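Heads up: numbering here begins at 1 and tracks the sequence. Fair warning: this is a prediction, and the values are worked out from it, not measured in the lab. All ligand and atom numbering here is 1-based and tracks the order in the structure.
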Amino acid sequence: MQLLNGKALAGTIRNEIREEVGQLISKGQRPPKLVAVLVGSDGPSQTYVGAKEKDCTEVGFDSEVLHLSEDISEAELLNTVEQLNEDAGVDGFIVQLPLPSHMNDQRILEAIRADKDVDGFHPENVGKMALGLQGFVPATPAGIVELLKRHQIDTEGKLCVVIGRSSIVGMPMALLMGKNAQPGNCTVVQTHSRTKDLKGICAQADILIAALGRPRFVGEEMVKEGAVVIDVGISRIEDPARKSGFRLVGDVDFEAVAQKCSYITPVPGGVGPMTRTALLQNTLQAYYRHQEK
Ligand code: NAP
């Protein structure tokens, strides 16, 4: 079994981006800029946004976090989105989800101009992805494709089973693996909570991508000998042996499955760091597109 070390690869890619940004600056150009909009004080959201800001600093991007109060109106948030859409110094921006319950997430995401939607959640970008046109691909599936590509994992003609169909992970993941591309060209089976005989289907997969958010759900009996296993899930479970009282686990029972597969991503240190890096890659792409205009 070979570990797909997303943390190490993400570090390599960030070095590449930093070098590229260094070259832009040495030519007198401005660096790319990413803005994150954070509404309210949700703990995990603050952590995610903080990590995104740190990543930007590391590669030499400009970044900014707009902290907005929990009780601003939807109209006020839409106004902020509009200002960012119009700001020529901003290449990409994200509105961190979840939003407070008095707001309609979809209405906000659709207000983001598609050429600045580096999260890839706008329907225009989802449509482009489905059609194989150039747009922004959501960071987690984009990061997984990059992980497969850089490890030169042959996906052509393979049976890929994706567990989960969310709009940020499962659905785009299935689309990308079925695309006429490398990585891609898989025969894809997308599964979800209503799927019958999930275990039997997973056990046939050459590539199994688990994105359901159920800690250690995928056991050894669900994995074919020699399969490639990508674990997207991140859940906290109690661990009294740790000072924090918890630890992070994936959707895959790593210890049991690692014996059987050819490649596997660890949690943490697999898909997570690749997701963060994919957001930087999308921002760089947005920057170049804006420079072309
Ligand atoms: P989500 O929106 O809750 O979607 C979960 C999907 O899994 C749904 O499609 C659901 O089916 C399906 N599912 C749930 N239980 C199932 C079961 N018992 N059998 C088969 N399918 C089942 O979650 P998400 O946002 O896609 O995230 C999934 C996991 O990935 C979470 O642990 C999340 O924290 C993690 N995540 C990690 C990263 C990263 O960077 N590593 C990024 C994003 C998410 P239905 O559609 O039928 O309900």
> For a quick check under 3.5 Å, do S73 and E76 share a side-chain donor-acceptor pair by atom type?
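Per modelled atom types, S73 and E76 side chains form a pair under 3.5 Å.
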> With side chain to side chain contact (heavy atoms under 4.5 Å, CB included) as the test, pick out the partner of L4 among H151, R150, M274.
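Running side chain to side chain contact (heavy atoms under 4.5 Å, CB included) over H151, R150, M274 with L4 returns exactly one hit, H151.
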> Counting C-beta onward and ignoring hydrogens, is there a side-chain heavy-atom pair between L34 and L279 closer than 4.5 Å?
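With C-beta onward as the side chain, the pair touches.
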> Quiz question: by atom type and distance under 3.5 Å, do the side chains of Q281 and Q285 form a donor-acceptor pair?
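Side-chain D/A pair, Q281 to Q285: absent.
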> Answer yes if the side chains of E20 and Y288 hold a donor-acceptor pair under 3.5 Å, and no otherwise.
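Yes, a side-chain donor-acceptor pair sits under 3.5 Å.
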> Near ligand 1, which residues have a heavy atom under 4.0 Å away from one of its atoms?
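Its neighbours under 4.0 Å (heavy atoms only) are T140, I163, G164, R165, S166, I168, V169, H192, S193, L198, A211, L212, G213, R214, F217, V232, G233, I234, V271, G272, T275, given by chain and number.
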> What I want to check is whether the side chains of K149 and Q182 have a donor and an acceptor closer together than 3.5 Å.
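Not at all, the side chains of K149 and Q182 share no donor-acceptor pair under 3.5 Å.
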